[in-house]
Amino acid sequence: MNIIVKPIITEKMTKINEKDNARCAFIVDRRANKIEIKKAIEDLYSVKVESVNTINYSGKRKARYTKAGYIQGRTNAFKKAMITLAKGDTIDFFSNI
């Protein structure tokens, strides 16, 4: 099971990371628990994780009118993990660019 899907790099997360350099967020597998997420982050980025907070987002219904008519759909459900790193540890997502 691939636990970490992708990091969340948005304006809001960038602002949180600038304010407190030890916080970052990831979209993770919905079946993963906090212990598995912590181990995966520590193995992948070689950092020490202090705490993991998880949030489950449910998919929402969306609808719109188009030339073809009324289209209904649904956004994907996902799980977000907020990671607090140990003091002095950082994760640089832009080092490989």
Side-chain angles (χ1 to χ4, degrees):
M1 173 170 65
N2 193 7
I3 294 174
I4 300 171
V5 177
K6 65 180 179 179
I8 298 174
I9 303 172
T10 59
E11 289 181 25
K12 185 175 183 179
M13 280 311 303
T14 304
K15 190 172 184 178
I16 290 171
N17 199 359
E18 287 174 357
K19 181 181 169 189
D20 182 17
N21 206 13
R23 299 278 291 171
C24 54
F26 295 90
I27 293 179
V28 296
D29 191 309
R30 294 187 69 202
R31 298 166 291 179
N33 60 30
K34 291 182 181 186
I35 297 166
E36 293 172 338
I37 295 168
K38 179 179 178 178
K39 187 175 181 324
I41 296 290
E42 287 177 346
D43 291 344
L44 187 63
Y45 292 105
S46 301
V47 293
K48 178 72 176 151
V49 175
E50 279 188 5
S51 67
V52 178
N53 300 95
T54 58
I55 306 124
N56 280 312
Y57 288 95
S58 59
K60 296 181 181 162
R61 293 183 177 273
K62 299 281 184 171
R64 66 177 183 256
Y65 291 100
T66 64
K67 275 189 202 178
Y70 186 69
I71 297 175
Q72 287 183 315
R74 196 171 173 84
T75 61
N76 294 333
F78 62 95
K79 185 175 198 175
K80 181 165 86 171
M82 294 288 292
I83 308 297
T84 303
L85 301 174
K87 193 156 183 86
D89 284 342
T90 59
I91 296 175
D92 187 16
F93 296 114
F94 303 108
S95 63
N96 295 336
I97 295 177

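The chain is numbered in sequence order, starting from 1.
- Closest non-hydrogen pair, Lys38 versus Val52, comes out as CB-CG2, 4.0 Å.
- Using the six-membered ring where Trp is involved, Tyr65 and Tyr70 have ring planes that are tilted, between 30° and 60° apart.
- Residues Lys79 and Thr54 approach most closely at CE-CB, 3.8 Å, considering heavy atoms.
- For the atom pair CD of Glu50 and OG1 of Thr84, the computed distance is 7.0 Å after rounding to the nearest 0.5 Å.
- Of the inter-residue distances, the one linking Lys80 atom NZ with Asn53 atom CG reads 10.5 Å to the nearest 0.5 angstrom.
- Atom NZ of residue Lys62 and atom CD of residue Gln72 lie 13.5 Å apart, to the nearest 0.5 angstrom.
- A donor-acceptor contact shorter than 3.5 Å links the side chain of Glu36 to the backbone of Asn33.
- Side-chain heavy atoms closer than 4.5 Å link hydrophobic residues (I, L, V, M, F, W, Y) into clusters, and following such links, possibly through other members, connects Ile16 to Ile8.
- With hydrophobic clusters built from ILVMFWY side chains whose heavy atoms lie under 4.5 angstrom apart, Ile37 shares a cluster with Ile91.
- Linking ILVMFWY residues whenever their side-chain heavy atoms come closer than 4.5 Å, directly or via other members, places Val47 and Ile3 in the same cluster.
- Residues Ala77 and Gly59 approach most closely at CB-N, 3.6 Å, considering heavy atoms.
- To the nearest 0.5 angstrom, Thr90 atom OG1 is 12.0 Å from Tyr45 atom OH.
- Contact check for Ile4 versus Ile41: side-chain heavy atoms found under the 4.5 Å cut-off.
- The environment of Ile35 atom CD1 is sparse: at most 12 non-hydrogen atoms of other residues, nucleotides or ligands sit within 6.0 angstrom.
- Leu85 CG to Ser51 OG: the interatomic distance, rounded to the nearest 0.5 Å, is 9.0 Å.
- Across all non-hydrogen atoms, the minimal contact from Val5 to Val28 is CG2-C, 3.9 Å.
- Linking ILVMFWY side-chain heavy atoms closer than 4.5 Å, directly or via other members, places Ile9 and Leu44 in a single hydrophobic cluster.
- Cluster membership check: Ile27 shares its hydrophobic cluster with Met82, using side-chain heavy-atom separations under 4.5 Å among Ile, Leu, Val, Met, Phe, Trp and Tyr.
- Here the CZ-CZ distance, from Phe78 to Arg30, works out to 10.0 Å after rounding to the nearest 0.5 Å.
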